[in-house]
Amino acid sequence: MDPKLQNLETSGSISEEEKQQLAIVSSSPFATASLSLSAILPTNFFTQSKISTLFSTPPTKAKIPTQATSLTRLSLFSSASSPKLSFKSTFSANPLQSPLTLGPRRPSDPSNAAGTRRACIVWFRNDLRVHDNECLNSANNDSMSVLPVYCFDPRAYEKSSSGFDKTGPYRANFLIESVSDLRKNLQARGSDLVVRIGRPETVLVELAKAIGADAVYAHREVSHDEVKAEDKIEEVMKDEGVEVKYFWGSTLYHLDDLPFKLEEMQSNYGGFKEKVQGLEIRKTIETLDELKGLPSRGDVEPGDIPNLLDLGLNPSQDGKASANTSMVGGEAEALQRLQKFAAECQAQPPKGNNGSHDSIYGANFSCKISPWLTLGCISPRSMLDELKKTATSGGGSGSPDTEMNWFMFELLWRDFFRFITKKCSAPRKQLEATPATACTSAFA
């Protein structure tokens with residue numbers, strides 16, 4: 001008789017069916033694997049009573065961790081009707097050839113990424129804020145460490161094909177102030193902002209290698225050059241095995257909520273307005289009070305925020321000041337201006353009884369928040385929420401509906417132009433897209 005069967009008989013009772021199953025195993029070509037098991041596990045391990053105590057209900061498959069260098073995988077199959085033992089083994093002369101992976105693995109499905117990433121990069125673009133920022137919040141929830149990054153792309157400060165500056169000193173200075181304010185807000189929440197001058201497809205790859213990043217999180221943009229930059233980022237990150245996750249957060253209505261495919265979007269505002277009427281606006285995303293810390297690996301320096309000279313711009317072009325002192329960039333300034341504007345709306349008398357769209361309150365009949373909205377220092381949804389709270393709090397002489405109509409009208413126009421630009425920036429649509437037009441129905 002097989003020595004293994006003799007051992008089992010001496011250690012405890014065993015049925016005839018189990019003897020036959022073990023005899024088959026011992027006579028199979030994988031007898032070496034069976035002998036290894038007898039050295040690893042007690043001989044009475046395979047009795048039915050022991051198996052029953054391990055599982056309250058008979059499982060379809062159970063895995064036992066590796067216990068010897070000669071046996072790296074072991075699977076135990078059982079069914080309720082007829083328990084059977086099946087052994088699978090792979091042999092290795094050196095156990096270091098297949099080491100155990102102790103760290104978290106990269107998820108193959110982005111929707112199952114929560115809490116599994118070691119480190120990720122948040123690439124700030126035209127979303128220079130911490131409030132209502134789905135990209136930042138998702139990265140913070142998915143990863144153990146987060147590296148916020150902003151790149152001053154030198155291509156944005158070159159001359160255009162027509163010989164004009166792509167970015168002048170006024171706009172550049174406003175951007176520098178906004179980036180500086182973003183760094184302060186991140187530092188106040190336990191994080192920081194890494195700032196670099198360079199092409200994103202080069203800077204982000206270097207940083208991803210340095211910290212061992214699993215993914216890059218960023219908001220999508222709409223213009224041709226911005227879409228090309230996204231394609232380049234995806235291409236180089238794919239070669240490095242780093243996932244790129246894009247989000248949408250620059251419009252009042254979310255891109256995924258539109259009742260039509262973007263490539264089928266009408267090229268006139270009237271048709272767009274008719275389609276989105278009654279569409280629900282997503283809620284603003286809560287601002288995090290605390291953020292995940294920076295990755296410990298790589299020892300990445302935050303870097304200095306550049307000045308105009310660093311970007312190749314003359315601070316005193318045409319003998320003028322480099323910036324308008326009345327307009328300071330940044331999220332903090334944007335929120336202050338929004339609150340001030342909302343108070344003006346509440347204090348102003350109604351501009352007419354017909355609720356016309358031209359009853360715009362504020363200095364020079366404008367809210368003047370567009371520069372901050374363009375850089376994403378404030379989101380359209382947060383603007384609308386603030387004005388709604390002011391309108392419903394009472395104290396104003398105009399009705400809340402009248403005060404909100406004109407503002408929704410302006411934000412709808414902004415959404416229309418961003419969506420139509422996104423449509424025309426898609427590579428497949430550049431040649432066939434028709435120019436965007438307005439129509440009289442837009443004012444109906």
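None of these values were measured; they are calculated from a predicted model. One-based numbering along the sequence shown.
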(message) Within the supplied structure, the quantity of interest is the number of heavy atoms (other residues, nucleotides, ligands) at a distance under 6.0 Å from E235 CD; does it exceed 12?
(response) no
(request) Decide yes or no for V122 and C135: does some side-chain heavy atom of the first lie under 4.5 Å from some side-chain heavy atom of the second? (result) yes
(message) Could you check whether atom CG of D239 has more than 12 heavy atoms from other residues, nucleotides or ligands sitting under 6.0 Å from it?
(response) yes
(request) Answer yes or no: is there a side-chain heavy-atom contact under 4.5 Å between E243 and D214? (result) no
(message) Counting neighbours of NZ on K209 that are heavy atoms of other residues, nucleotides or ligands and sit closer than 6.0 Å, is the number greater than 12?
(response) no
(message) Is any side-chain heavy atom of H131 closer than 4.5 Å to one of I378?
(response) yes
(message) When you measure from the side chain of D415 to the backbone of T251, do you find a donor-acceptor pair of N or O atoms at a distance under 3.5 Å?
(response) no
(request) Using a strict cut-off of less than 4.0 Å between a Lys/Arg side-chain nitrogen and an Asp/Glu carboxylate oxygen, indicate whether R196 and E301 qualify as a salt bridge. (result) no
(request) Grab the two heavy atoms, one from E177 and one from M327, that are nearest each other, plus how far apart they are. (result) OE1-O, 3.8 Å
(message) Assess whether a salt bridge exists between E201 and R155, defined as any Lys/Arg side-chain N lying under 4.0 Å from an Asp/Glu carboxylate O.
(response) yes
(message) Treating N173 as the side-chain partner and P169 as the backbone partner, does any N or O pair qualify as donor plus acceptor under 3.5 Å?
(response) no
(request) Using a 4.5 Å cut-off on heavy atoms from C-beta on, say whether the side chain of K422 contacts that of V227. (result) yes
(request) Can you label the angle between the F272 ring and the Y269 ring as parallel, tilted or perpendicular, going by 30° and 60°? (result) tilted
(message) Measuring only between side-chain heavy atoms, which start at C-beta, is E134 closer than 4.5 Å to W248?
(response) no
(message) Can you confirm whether L175 sits close enough to Y150 that some side-chain heavy atom of one is under 4.5 Å from a side-chain heavy atom of the other?
(response) yes
(message) Assess whether a salt bridge exists between K275 and E264, defined as any Lys/Arg side-chain N lying under 4.0 Å from an Asp/Glu carboxylate O.
(response) no
(request) Provide the closest heavy-atom pair for V194 versus L147 in the form atom of the first, atom of the second, distance. (result) CG2-CD1, 3.5 Å
(message) Between the side chains of R189 and D289, is the shortest nitrogen-to-carboxylate-oxygen separation below 4.0 Å, so that they form an ion pair?
(response) no
(message) Could you check whether D181 and N185, counting side-chain N and O atoms only, form a donor-acceptor pair closer than 3.5 Å?
(response) yes
(request) Might you point out which heavy atoms bring P200 and D153 nearest each other, and give the distance in Å? (result) CD-OD2, 3.4 Å
(message) Tell me whether R220 contacts the main-chain N or O of Y246 through its side chain, where contact means a donor paired with an acceptor under 3.5 Å.
(response) no
(request) Please indicate whether E158 has more than 12 foreign heavy atoms, meaning atoms of other residues, nucleotides or ligands, lying under 6.0 Å from its CD. (result) yes
(message) Using modelled atom types and a 3.5 Å cut-off, is there a donor and acceptor pairing between side-chain atoms of D192 and backbone atoms of L294?
(response) no
(request) For residues G271 and N268, report the shortest heavy-atom separation together with the two atoms involved. (result) N-OD1, 2.6 Å
(request) Might you point out which heavy atoms bring N140 and K292 nearest each other, and give the distance in Å? (result) OD1-N, 2.6 Å
